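Report on the structure given below.
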Amino acid sequence: MGKELEQVALAMQHEVVLKIGSGNLHDLTPENLKKVDVAIEFSTPKTAINNIFKCFEASVPVVVGTTGWLDKMEEIKTICRDKNQAFFYASNFSIGVNLFFKLNEYLAGMMKSHPEYFPAMEEIHHIHKKDAPSGTAITLAEGLLKAHGDLDKWILGATDNKKQLPIHSKREGEVPGTHIVSYTSKVDEIKISHQAYSRKGFAEGAVYAAAWLIGKKGVFGMKDMLEI
């Protein structure tokens, strides 16, 4: 993602003044961060929170696409607001995926009056992905649960409990990301799906978000930027 982000940013006539990876973590200092207008954070669940805090300390707006640390989300949001910083999070920056989120919620709202259909989800990603289910799958699941209203929670793996939404995670090759939501009855099945062909869509959305975030204060997401 780092290489893809750089290529997209340069193609959009932005300047990349600081690149941080595992080999130069010592360069992530307040002094260096203050040279940038906005930071884009795509790292690992273990390093994301510390990176976000460093951006807050340097008063640099930060766009975050790393997933797998969402148990700390409310803490991050509170600190962001208390310190009057700017924070933009998305489990997926693809424009298509965010439209898919809305479609998912709309379908779930329709299906709540048809209890004969049982919902399930499947997500497929590359073998390097650290977390399961994916952040995108969790966002889809939360949207489905809220709109459907007749399920208690999502669960990773199979379940016989009809009040639980099962999410099946697969890790295969270099798959950028595929998400499938299905509703199955005894006589038929309804499916909606989104398949990413490359990581470029994620990178483009993140760069758009970074440009949009400059000059703002508060907590934001794709719904704010896309006005959906």
Side-chain angles (χ1 to χ4, degrees), residues 1-99 101-102 130-131 134-136 138-139 142 177 199-228:
M1 273 303 297
K3 293 179 181 178
E4 197 73 57
L5 283 164
E6 182 180 15
Q7 291 176 6
V8 168
L10 293 175
M12 293 182 181
Q13 305 301 309
H14 297 296
E15 183 182 3
V16 179
V17 297
L18 181 64
K19 296 185 291 183
I20 301 295
S22 58
N24 69 328
L25 292 175
H26 58 277
D27 289 332
L28 190 61
T29 64
E31 293 74 23
N32 284 336
L33 280 170
K34 288 178 180 179
K35 299 175 184 177
V36 310
D37 295 317
V38 60
I40 301 179
E41 207 287 334
F42 274 84
S43 61
T44 69
K46 290 184 178 180
T47 57
I49 295 173
N50 187 51
N51 292 342
I52 294 167
F53 283 147
K54 287 186 176 182
C55 289
F56 287 170
E57 290 169 9
S59 293
V60 172
V62 57
V63 171
V64 180
T66 305
T67 59
W69 57 273
L70 299 188
D71 57 319
K72 301 292 185 181
M73 178 61 79
E74 292 309 312
E75 177 185 351
I76 293 292
K77 288 181 177 179
T78 298
I79 293 172
C80 176
R81 295 187 178 107
D82 289 348
K83 292 184 176 293
N84 196 32
Q85 298 300 309
F87 170 75
F88 190 115
Y89 171 78
S91 60
N92 194 309
F93 283 89
S94 162
I95 304 301
V97 162
N98 282 274
L99 297 175
F101 287 156
K102 292 294 290 185
K130 305 291 185 182
D131 53 322
S134 68
T136 301
I138 292 174
T139 300
E142 290 175 345
R199 295 184 178 90
K200 186 175 182 180
F202 310 143
E204 288 179 342
V207 174
Y208 285 136
W212 181 88
L213 187 62
I214 295 173
K216 294 180 173 63
K217 298 292 183 181
V219 176
F220 304 97
M222 292 295 283
K223 287 185 177 181
D224 301 301
M225 186 178 76
L226 298 177
E227 298 182 351
I228 58 175

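What you are looking at is a predicted structure, and each value in this text was computed from that prediction instead of being measured. Values below: every heavy atom of this structure, side chains too, minus hydrogens, waters and symmetry copies.
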Exercise for review: Return yes if some donor-acceptor pair links the side-chain N/O of Asn24 with the main-chain N/O of Gly21 below 3.5 Å, else return no.
Suggested key: yes

Review point. Can you tell me how far CG of Leu226 sits from CD1 of Ile95, rounded to the nearest 0.5 angstrom?
Key: 4.5 Å

Can I get a per-line list of side-chain donor-acceptor pairs under 3.5 Å for residues 50-65, giving both atom names and the distance, sequence neighbours left out?
residue	atom	partner	partner atom	Å
Asn51	ND2	Glu41	OE2	2.9
Asn51	ND2	Thr47	O	3.3

Review point. Salt bridge (charged side-chain N to carboxylate O under 4.0 Å, His left out) with Lys72: which residues, sequence neighbours excluded?
Key: none

**Study point:** NZ/Lys46: more than 12 non-hydrogen atoms of other groups inside 6.0 Å
**Key:** no

Show which side-chain atoms of residues 79-93 pair as donor or acceptor with protein atoms under 3.5 Å away, not counting sequence neighbours.
residue	atom	partner	partner atom	Å
Gln85	NE2	Lys83	O	3.0
Ser91	OG	Thr139	OG1	2.7
Asn92	OD1	Ser94	N	2.9
Asn92	ND2	Thr136	OG1	3.1

Revision key, fill the gap. Glu142 meets the salt bridge (charged side-chain N to carboxylate O under 4.0 Å, His left out) criterion, sequence neighbours left out, with none

Exercise for review: Return the set of residues passing salt bridge (charged side-chain N to carboxylate O under 4.0 Å, His left out) with Lys130 (not counting sequence neighbours), or none when no residue passes.
Suggested key: none

Revision key, fill the gap. Between Thr66 and Trp69 the two heavy atoms that sit nearest each other are O-NE1, 2.7 Å

Which pairs of donor and acceptor atoms, one on a side chain in residues 2-19, lie under 3.5 Å apart (sequence neighbours left out)?
residue	atom	partner	partner atom	Å
Glu6	OE2	Lys19	NZ	3.2

Exercise for review: Give every residue pair that meets the salt bridge (charged side-chain N to carboxylate O under 4.0 Å, His left out) criterion with at least one member in residues 23-34, sequence neighbours excluded.
Suggested key: none

Practice item. Kindly indicate whether the side chain of Leu33, heavy atoms from C-beta on, has any atom under 4.5 Å from the side chain of Lys35. Key: no

Practice item. Quick one: list whatever passes salt bridge (charged side-chain N to carboxylate O under 4.0 Å, His left out) with Lys217, sequence neighbours left out. Key: none

I'd like a table of donor-acceptor pairs (distance under 3.5 Å, sequence neighbours excluded) in which one partner is a side-chain atom from residues 200-211, with atom names and distances.
none

Point to revise | Euclidean distance, Thr29 OG1 relative to Leu25 CG, rounded to 0.5 Å | key: 12.0 Å

